[in-house]
Amino acid sequence: MNKAEKPESWDPKKIEAKWSEIWSREGIYEPDLNSAKKPYYNLMMFPYPSAEGLHVGNMYAFCGSDIYGRHQRMRGNDVFEPIGLDGFGIHSENFALKIGQHPMELSKKTEANFYRQLHMIGNSFAWDEKLETYDPSYYRFTQLIFVQLFKSGLAYRGKATVNWCPHCLTVLADEQVLKKSKIKMQKSKIDEEVEVCERCGTEVERRDLSQWFFRITNYAGRLLKNLDSIDWSEKVKVAQRNWIGKSEGAKLMFASDIESDALIEVFTTRPDTIFGVTFLVLAPEHPLVTTIINKAKGLLQQQIRNFVDYSLKKTESERIGAKFEAKKSVKKQEKEGIFTGFYATNPLNGEEVPIYIADYVLMSYGTGAVMGVPAHDERDFEFAKKYKLEIKPAIVPKEGEWDFSQNAFTEEGVLANSGQFDGLTTEDGIQSVINYINENHLGSSFATWHLRDWIISRQRYWGPPIPMIFCEKCAADGKSWFTENKTQISKVKNQNLDWGHAGWYPVPEEDLPVELPYVKNFKPTGSGVSPLAADSNFVNVKCPGCGSQAKRETDVSDTFLDSAWYFLRYPSQIQNPKVKSQKLPWDAEITKKWLPVDMYIGGAEHAVLHLLYSRFLTMALYDMGLVNFEEPFTKFRVNGLLIKDGAKMSKSKGNVVNPDDYIQKFGADTLRCYLMFCGRFSQGGDFRDTGIEGMQRFLRRVWKLATGPVSGNIEALGHSLGRDQRPVGNLHEAHRSQNSESTPSRAPSLKADDERMMHKTIKKVTQDIESLDYNTALAALMEWMNFLEAKVSKVSQISSEETRTLLLLLAPFAPFMTEELWQTVSRGQVPETRDEKSFRSIHQEKWPEFDEDKIKSGKTMLIVQVDGKMREKVEVDVGISKDEAEDVASKLEKVSKYLESGKYSAIYVPNKIINFVTEK
RNA sequence: GCCGGGGUGGUGAAAUCGGUAUACACGUCAGACUUAAAAUCUGAUGACCGCAAGGUCGUGAGGGUUCGAGUCCCUCCCUCGGCACCA
């Protein structure tokens, strides 16, 4: 090549626009959903569009997911990487309120902006299947799923003390309430924790309200158990395990003298301590408390009543009033209680113990009653000290002494003072006591859970209306959908119908969707009902059961229901000609082919929200026979958090990176690569402006190397055939022949060093992409680049195989630039029209293979140590023996001086290290 | 309190099984090119001692195991996240 001939310079803007268009025209990212041979569903959590536009954090996660998907595509899979918007919900609505626009109009704008940005980042999205959760053709099915859950007994209406956000003016599910430390005191280390709304950060309140719930608790066991067999980031599995919160133990029945048949059920995880019980405690809300008050006499009756009133009020006021008392730890509330005058009988030894009512026992956990074992439980100990109750050891340490008057002994030990069980270890003791109570019908083994049912109602506007109708007349007659559909009842578990369903009917499926009407005043009311309640046209409806005047449910469903099933919808989107029937949101055949999702990537903040809800819903659909798998995401990986200059990005700090500016300035390829280079994908990274310039330098060098006069690639790739006669689209052929002996003569053959470097890089990049270690994959590519440039400066040429491999390995990271180089430099012109079936993108090419033998061949650096300290390095042939290595190494100048005494031995790690150990 | 990440140069970060600590990049310094600057290229860059050859120290702290420890064990500290009057 003539040195005077200048290669075209790299113009990211130009080529990125060009290739976006060609890729879309050629449909290279649209797999054949009906007949793909190797379907691979690669998904990233879809974004909720905010008006500020796509956050660089979204882009970070999306790029990470896309690189993985592009790699899978080049490995020969039919990769499906859909995209959509989670645009319904409080977040979008709150923003609409803030700027005074109607969410129906605002969503159109944010949608356009988001899709524009998502187009620019160069992901291999399958745009034809995009979806938006606020589209009636989508939420029609969100509602249908609600109806299905209702009919299966998994949706019910219940009254409960629920979380209420005074800012969003709606109830929230337990998962959507976060603990936040309000005041941090450096020295005392006491954090004041408050519960806040996941969306807006406002401290939540409690209200007693009737709401729609999903029975996620029915699935607690399976949600927990399946975690062992799914390939998910450990972090998320741990968070889910914690949240599900299984606690295993036993339920024990204590007879009492309150009433002849009043058995008090207690839950304990330590049945082995049963002989240490010295009292019983009931929660103030416990059902037996009413009986106790009724039966108590005189002054005691009044005292108990006062105490119960006081402690019920106290919990309320504590939650609301204690927030400014910085010094007070939440944990160390003084325990208060009162003796009831009644006694219970220990079922194992027949001892009578006093019954107390105390505020430290929670009705919402276990059975609302505990056995007091002060010798082995810190809380019971504290309570016993205060009320001067007996402390009776039932477990002793395996070794040493324990002063039971000072502290509770909560560790495992050996049973003592426990009759027939004396001498057993804690572990055996638990089992033996459980066996005993089982045999004698005194109780049973039992597990209790932290997980609560999912509150699905939201008293808001911007969501899918809950498709339910309430009929006063049917309610009065005791009629409901269930009484009218008796066959269904037999399929539903009894306890699932154990609620006041009289009067409730789902909207008939043919009437779905219940469209969200345009309501001018969409502001939340705060009165416990949605703004929809003000729209009488919407509310009034005929009862599907009796035909008389009835009312619609006016609450909308939780946003997390929209996102709990979207992955099921993508492959079966309406664009697909095979989906004729739209009775179900998904086509059975297509779903069988593409689901579950092969690889799912997203943020850890959804560990117990979206990721738990999706699992629950998939299991429920599986049980209904609507899908044939019970776990939605075979493999899931969390992406880390991207920060900026060491600090979390936030609007208040003004350090939010807008990807648009960077794409404008550097192009998407540079930004993509830089984001991935910031740190390990699973751990996040630190975005710095100076760093991105370094990445641009690297890509420019790649461009230069590939277009430069020194890489003998033009001929090697078949350009010598001449453009006219070269069969279009046979690059693959050229590639293959390149690997065989028919290497064109102009291309220099690779020396062992060159080959080792190339194969080493292929191996490293391949493995690192698989484990999502994109930063080190890029580092390996840079190292190889440095090597290739050094080679160019020496021999003025690199082989076309090297250029090509470099482009292929870089393709997932920098899709635009590598495509441009591949097509224009290596291959020639791009077909201009769709008719030409010949177009083949670099992203459809085969991923390079590495040859382990070529990595291992040749010479290696042997590290020579004396007494564990590195003293010298020496180049040796791979595979030399210990004796040879010892011989070579011991003669080295920097080594021999330490070995003059002749008294030493050597440890040899083949091909790596020889360590001489001298005698002292 | 319990459970999980993490703590490595001036900075972002690397380091299969226990085997060269700091790859790769940023920054800085020096040099080349230039009237000059930018860009680009070349070189140096953990700390300390030394003219040098070379040496000593060094992965949050302190112990231990080992020929050899960022990596394993023990006792702590800090930090981020999850759970928590959970019986």
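To find a chain, count down the sequence lines: A is the first, B the second, and so on, and within it residues start at 1.
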To the side chain of [X], which of [options] is closest?
X        : options             : answer
A:Arg697 : B:U40, B:C41, B:A87 : B:U40
A:Tyr365 : B:G54, B:G19, B:C86 : B:C86
A:Thr269 : B:G12, B:A87, B:C3  : B:A87
A:Ala779 : B:A14, B:C24, B:A39 : B:C24
A:Glu783 : B:G12, B:C24, B:G55 : B:C24
A:Asn242 : B:C83, B:C86, B:A23 : B:C83

Exercise. Taking atom types as modelled and ignoring hydrogens, do the side chains of A:Asn786 and A:Arg701 form a donor-acceptor contact shorter than 3.5 angstrom?
Worked result: yes
Exercise. Hey, does A:Val917 reach any base, or is it just sugar-phosphate, or nothing, if we go heavy atoms under 4.0 Å?
Worked result: sugar-phosphate
Problem set entry | Among A:Asp768, A:Thr766, A:Thr761, the one residue meeting side-chain hydrogen bond (donor to acceptor under 3.5 Å, both in side chains) with A:Lys764 | A:Asp768
Exercise. Between the base of B:C67 and the side chain of A:Asn915, is there any donor-acceptor pair under 3.5 Å?
Worked result: yes
Exercise. Looking only at atom C1', what distance separates B:G7 and B:C76, rounded to whole Å?
Worked result: 14 Å
Exercise. Are the side chain of A:Lys237 and the backbone of A:Leu227 linked by a donor-acceptor contact shorter than 3.5 Å?
Worked result: yes
